[in-house]
A.B. asks: 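Got a structure here, written out as structure tokens. Questions coming.
No hydrogens, no waters, no symmetry mates; every other heavy atom, side chains included, goes into these values.
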Amino acid sequence: MATLVTSFDVWGSQTPRIEIYGTEGTLSLPDPNTFGGPVMVRRMLTDEWLELPLSHPFRENSRGIGLADMAVALRTGRPHRAGGELGLHVLEVMHACLHASDVGRHVEIQTRPPRPDALPVAEGEEVLA
């Protein structure tokens with residue numbers, strides 16, 4: 001579950017990064033256009049951003065990772081992580097955000113795709129196998 005809030009009244013901001021504002025502070029993620037950079041957290045009532053350690057590879061420009069995953073998945077016979085069911089779900093959520101804003105109420109999401117496996121954690125593993 002998530003809440004989308006657009007406001008200047010938050011614990012801290014580093015836009016144009018992706019930011020998630022919560023009751024305990026702000027999580028700031030790298031600019032999605034460049035894929036690189038630190039993940040930062042700033043807890044409520046503090047003045048400092050804290051850098052969180054990254055656990056997965058692909059810390060630089062990884063714009064083609066979805067396509068690479070799909071190619072390996074097709075070659076090896078495993079499901080790819082960004083399949084059609086997940087794409088439909090993302091589209092439904094995006095549409096529901098707009099519709100909820102238009103009608104002024106919650107909109108139930110109907111799709112429930114299986115959660116894709118995460119990419120491997122350790123560097124050097126066969127990442128897209």
Side-chain angles (χ1 to χ4, degrees):
M1 183 179 296
T3 301
L4 174 63
V5 177
T6 56
S7 174
F8 62 88
D9 186 21
V10 296
W11 294 109
S13 177
Q14 294 189 42
T15 56
R17 300 162 65 92
I18 294 176
E19 295 182 336
I20 301 170
Y21 311 117
T23 57
E24 302 295 317
T26 299
L27 181 64
S28 182
L29 307 168
D31 181 341
N33 293 305
T34 60
F35 292 88
V39 174
M40 308 289 284
V41 66
R42 182 172 167 187
R43 302 205 186 276
M44 68 175 170
L45 305 178
T46 66
D47 294 331
E48 296 179 24
W49 289 93
L50 194 70
E51 185 172 339
L52 301 176
L54 301 177
S55 61
H56 287 66
F58 302 105
R59 297 175 186 157
E60 301 302 322
N61 189 350
S62 301
R63 192 168 289 281
I65 193 167
L67 181 58
D69 176 66
M70 181 185 292
V72 171
L74 291 170
R75 190 174 60 231
T76 62
R78 73 158 168 77
H80 54 92
R81 291 172 177 89
E85 286 181 88
L86 183 59
L88 177 62
H89 178 68
V90 169
L91 180 63
E92 182 188 9
V93 169
M94 291 171 27
H95 183 265
C97 288
L98 293 172
H99 184 61
S101 177
D102 287 344
V103 298
R105 63 176 173 78
H106 290 94
V107 174
E108 294 293 323
I109 302 299
Q110 303 301 312
T111 56
R112 299 280 188 262
R115 184 177 185 169
D117 291 337
L119 291 173
V121 174
E123 297 273 359
E125 290 183 27
E126 181 58 38
V127 175
L128 297 176

A.B. asks: Applying side-chain contact (heavy atoms from CB on, under 4.5 Å) to His99 and Arg105, what does each step give before you reach the verdict?
C.D. replies: CA-CA 9 Å; His99 184 61; Arg105 63 176 173 78; 4.0 Å; yes
A.B. asks: Measuring only between side-chain heavy atoms, which start at C-beta, is Val39 closer than 4.5 Å to Pro30?
C.D. replies: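 Yes, close enough: below the 4.5 Å cut-off.
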A.B. asks: With a 4.5 Å cut-off on side-chain heavy atoms, are His89 and Val93 touching?
C.D. replies: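 Side-chain contact under 4.5 Å: yes.
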A.B. asks: Hey, any chance Leu88 and Ile109 share a hydrophobic cluster, counting ILVMFWY side chains that come within less than 4.5 Å of each other, even indirectly?
C.D. replies: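 They do not share one cluster, since no chain of ILVMFWY contacts under 4.5 Å joins Leu88 to Ile109.
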A.B. asks: I'd like to know whether CD of Glu85 has more than 12 heavy-atom contacts from other residues, nucleotides or ligands below 6.0 angstrom.
C.D. replies: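 No, because the 6.0 Å sphere around CD of Glu85 holds 12 heavy atoms or fewer from other groups.
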A.B. asks: Are Met44 and Thr23 side-chain neighbours, meaning at least one heavy-atom pair lies under 4.5 Å?
C.D. replies: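 Not touching, per the 4.5 Å side-chain cut-off.
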A.B. asks: Just by modelled atom types, is the Arg42 backbone N or O under 3.5 Å from a matching donor or acceptor in the Thr46 side chain?
C.D. replies: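 Side chain of Thr46 to backbone of Arg42, a donor-acceptor pair under 3.5 Å: no, none is there.
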A.B. asks: Please round to the nearest 0.5 Å and tell me the distance separating atom CG of Leu67 and atom NE2 of His80.
C.D. replies: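 Between Leu67 CG and His80 NE2, I get 10.0 Å after rounding to 0.5 Å.
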A.B. asks: How long is the straight-line distance from CG of Leu27 back to CD1 of Ile20, given to the nearest 0.5 Å?
C.D. replies: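 Reported value, rounded in 0.5 Å steps: 5.0 Å.
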A.B. asks: With hydrophobic residues grouped by side-chain heavy-atom distances under 4.5 Å, do Val107 and Leu91 end up in a single group?
C.D. replies: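 No.
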A.B. asks: I'd like to check Leu86 versus Arg81 (side-chain heavy atoms, cut-off strictly below 4.5 Å). Are they in contact?
C.D. replies: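 They are not in contact (no side-chain heavy atoms under 4.5 Å apart), so the answer is no.
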A.B. asks: Let me confirm one number: the CZ-CZ distance from Arg75 to Arg78, rounded to the nearest 0.5 Å.
C.D. replies: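 The CZ atom of Arg75 sits 9.5 Å away from the CZ atom of Arg78.
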A.B. asks: Under 3.5 Å, side chain of Glu92 to main-chain N/O of Gln110, donor-acceptor pair present?
C.D. replies: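 Judged by distance alone, yes, a pair lies under 3.5 Å.
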